[in-house]
Amino acid sequence: QCPALQGLVEVIPHQQKPPTAPLDRLRVRCEHTFVSREAAILHADADAFFASVEQRDDPRLRGRPTIVGRGVVTAASYEARAYGVHGGMSGWRARRLCPHATFISPRFSAYVDASKALFEIFKQTAPRVEGLSMEEAFLDVRGLEAISGAPREIATRLRRRVREEVGLPVSVGVARTKVLAKMASRAAKPDGLLVIAPSDETAFLHPLGVESLWGVGQVTAEKLHAH
């Protein structure tokens with residue numbers, strides 16, 4: 001139990017309305033209790049989601065550079081990314097970089113259906129799921145060891161179920177915090193699993209630039225480098 005909880009009843013008189021100050025202090029002092037002591041936060045992210053759905057539904061596209069979007073690239077398979085193609089790029093530039101790629105118009109209804117199937121598995125895997133987009137979410141698996149196994153085992157089963165039931169590759173990062181879990185899933189791509197144990201956090205983070213931190217964009221990175 002958090003030490004700040006001890007004696008809290010004595011601090012707040014029964015006849016008075018509970019003031020906000022003690023609760024604010026309690027929130028700050030107990031903040032550490034919301035960070036797991038073990039690597040038990042999963043970040044699951046379907047790889048090249050739109051492009052992977054297209055390759056799943058059309059076997060002729062599998063293993064071939066696949067680009068969703070014509071005027072602007074909405075998504076690119078990893079085969080296309082190997083040529084420098086990425087989301088947000090203009091279609092004409094993508095064609096110059098990868099002229100032999102197959103360009104497909106988006107099928108948003110197919111992506112919505114795949115997302116629903118994906119999140120159904122997420123919800124069956126963990127009691128707490130926080131979606132970030134159509135294809136990615138955080139899963140809190142703390143306290144599930146007795147019924148579901150260690151976080152690594154849970155992540156392995158999750159990846160297998162998504163592959164077998166939805167037909168998509170998904171990368172999973174496992175760590176103590178959301179930031180580290182998301183960075184781990186990014187490092188595990190494509191179609192991988194990376195667990196960052198608490199003892200390995202420094203070794204994982206030390207060689208990385210500030211640009212690798214979740215939420216740090218180009219402008220913020222430039223400011224941080226300047227200092």
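Heavy atoms only: backbone and side chains are in, while hydrogens, waters and symmetry mates are out.
- The structure places CG of Leu61 at 11.0 Å from OG of Ser52, a figure rounded to the nearest 0.5 Å.
- Scanning for salt bridge (charged side-chain N to carboxylate O under 4.0 Å, His left out) contacts around Asp58 gives Arg60, with sequence neighbours left out.
- Partners of Gln55 under the side chain to side chain donor-acceptor pair (under 3.5 Å) rule, at least two apart in sequence or in another chain, are Thr66, Glu79.
- Residues passing the side chain to side chain contact (heavy atoms under 4.5 Å, CB included) test with Val112, sequence neighbours excluded: Lys116, Met134.
- Annotation: salt bridge (charged side-chain N to carboxylate O under 4.0 Å, His left out) contacts of Glu201 (sequence neighbours excluded): Arg176.
- The side chain to side chain donor-acceptor pair (under 3.5 Å) test applied to Arg128 returns Asp140, not counting sequence neighbours.
- When all heavy atoms of Val129 and Ala126 are compared, the pair lying nearest together is CG2-O, 3.7 Å.
- Atom-to-atom distance recorded for Asp45:CG and Arg186:CZ is 9.5 Å, nearest 0.5 angstrom.
- Note on Phe204: it does not cluster hydrophobically with Val195, by side-chain heavy-atom contacts below 4.5 Å among ILVMFWY residues.
- Connection of Val162 to Leu193 is established within a shared hydrophobic cluster, with ILVMFWY side chains joined at heavy-atom distances below 4.5 Å, either directly or through further cluster members.
- For the side chain to side chain contact (heavy atoms under 4.5 Å, CB included) test, residues two or more places apart in sequence or in another chain that qualify with His100 are Pro65, Tyr83, Cys98.
- Within the 4.5 Å cutoff, side-chain heavy atoms of Leu158 are placed close to those of Ile121.
- Hydrophobic cluster membership differs between Val172 and Leu132, with clusters built from Ile, Leu, Val, Met, Phe, Trp and Tyr side chains linked at under 4.5 angstrom.
- Contact annotation: the side chain of Val85 approaches that of Val73 to within less than 4.5 Å [non-hydrogen atoms, C-beta and beyond].
- Closest approach of Ala76 to Ala80, counting heavy atoms only: CB-CB, 4.1 Å.
- Using a 4.5 Å cut-off between side-chain heavy atoms of Ile, Leu, Val, Met, Phe, Trp and Tyr, with links allowed through other members, Phe119 and Val141 fall into the same hydrophobic cluster.
- The main-chain N or O of Gly91 is never found under 3.5 Å from a side-chain atom of Arg70 such that the two would form a donor-acceptor pair.
- Nearest heavy-atom pair across Phe49 and Leu168 is CE1-CD1, 3.7 Å.
- With rounding to the nearest 0.5 angstrom, the CG atom of Leu42 is 7.0 Å from the CD1 atom of Ile154.
- With Arg157 contributing its side chain and Thr125 its backbone, the two residues share no donor-acceptor pair below 3.5 Å.
- For the side chain to side chain contact (heavy atoms under 4.5 Å, CB included) test, residues two or more places apart in sequence or in another chain that qualify with Arg107 are Val53, Glu54, Asp57, Ala110, Tyr111.
- Heavy atoms from other residues, nucleotides or ligands lying under 6.0 Å from CZ of Arg64 number 12 at most.
- Shown here are the side chain to side chain donor-acceptor pair (under 3.5 Å) partners of Ser133, two or more places apart in sequence or in another chain: Glu135, Glu136.
- Rounding to the nearest 0.5 angstrom, the gap separating the CG atom in Leu194 from the NE2 atom in His43 is 13.0 Å.
- By the salt bridge (charged side-chain N to carboxylate O under 4.0 Å, His left out) test, Asp47 is found to be paired with Lys189, residues two or more places apart in sequence or in another chain being considered.
- The distance from the OG atom of Ser185 to the CZ atom of Phe138 is 7.5 Å, given to the nearest 0.5 Å.
- Every residue two or more places apart in sequence or in another chain was checked for a salt bridge (charged side-chain N to carboxylate O under 4.0 Å, His left out) with Arg152, and none qualifies.
- Hydrophobic cluster membership is shared by Ile147 and Phe122, with clusters built from Ile, Leu, Val, Met, Phe, Trp and Tyr side chains linked at under 4.5 angstrom.
- Put simply, CG on Asp113 and CZ on Phe108 are 13.5 Å apart, with the number rounded to the nearest 0.5 Å.
- Evaluation of the side chain to side chain contact (heavy atoms under 4.5 Å, CB included) rule for Gln124 yields Glu120, Arg161 as partners, not counting sequence neighbours.
- When all heavy atoms of Val174 and Pro151 are compared, the closest pair comes out as CG1-CB, 3.9 Å.
- For the residue pair Ala137 and Gly131, the shortest heavy atom distance occurs at CB-CA, 3.8 Å.
- Between the side chain of Ser171 and the backbone N or O of Asp191 there is at least one donor-acceptor pair closer than 3.5 Å.
- In this structure, the side chains of Leu205 and Ile196 stay at 4.5 Å or more apart for every pair of heavy atoms.
- Taking Thr156 as the reference, nothing meets the side chain to side chain donor-acceptor pair (under 3.5 Å) condition, with sequence neighbours excluded.
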